[in-house]
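Counting starts at 1 for both ligands and their atoms, following the listed order. Index from 1, following the sequence.
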Amino acid sequence: MTADLSRFKNCNRSQVLIAGFDYLPGDLTSPGSNPCVPTVTRGHSLTFVNSDANQNGFLGNPLSPSPAYIQSIFHTVTSCQGPCGYDTGISYPLANGTGSYDSGQLGAGLPAVGRLDWSTPKSLKPGTYYFFCRIHPFMRGVFRVIQ
Ligand SMILES: [Cu+2]
């Protein structure tokens, strides 16, 4: 898999939706008809919202988890060294990207972090940031911080 950003323009966004195993916008694997790099200005956050998980999907009794929990799919936003374009393998991708951020597993029930959203650190310097999902390492995306 090669990350080709030449088709991607910057698009100003405050939010990226994670839906159907895609980061929208900014997904490198299935960028859709209008690919763009979600872009924020320095000092601002980009908020990722996992819509594949259910807000009410608490685990409860592990022996009889709720349907909302069973249908919830957890995702992460984890920094990856650019271009983060190698194939999924036993040792790749690595959480070794610039900024060293990790959202945790976005979802309501254990072992998720208890919320569906996560925001990038406001301290990120201008640059292009690649990331992947630790749970589904074929999921790859990108965002950008500009001056
Ligand atoms: Cu995932």
- Sorted by chain and residue number, which protein N/O/S atoms are under 2.8 Å from the Cu ion (ligand 1)? H75 ND1, C133 SG, H136 ND1

- Task: Taking atom types as modelled, find out whether D22 and S30 have a side-chain donor-acceptor pair closer than 3.5 angstrom.
- Result: yes

- Query: Which of parallel (below 30°), tilted (30 to 60°) and perpendicular (above 60°) describes F48 and F131?
  - Reply: perpendicular

- Query: For Q15, does the CD atom sit with more than 12 other heavy atoms under 6.0 Å from it, leaving out its own atoms?
  - Reply: yes

- Message: For V77, is there any backbone N or O sitting under 3.5 Å from a side-chain donor or acceptor partner on S103?
- Response: yes

- Task: Kindly say whether the aromatic ring centers of H75 and F21 come within a distance under 6.0 Å.
- Result: yes

- Give a yes-or-no answer on whether the side chains of R134 and Q105 include a donor-acceptor pair shorter than 3.5 Å. yes

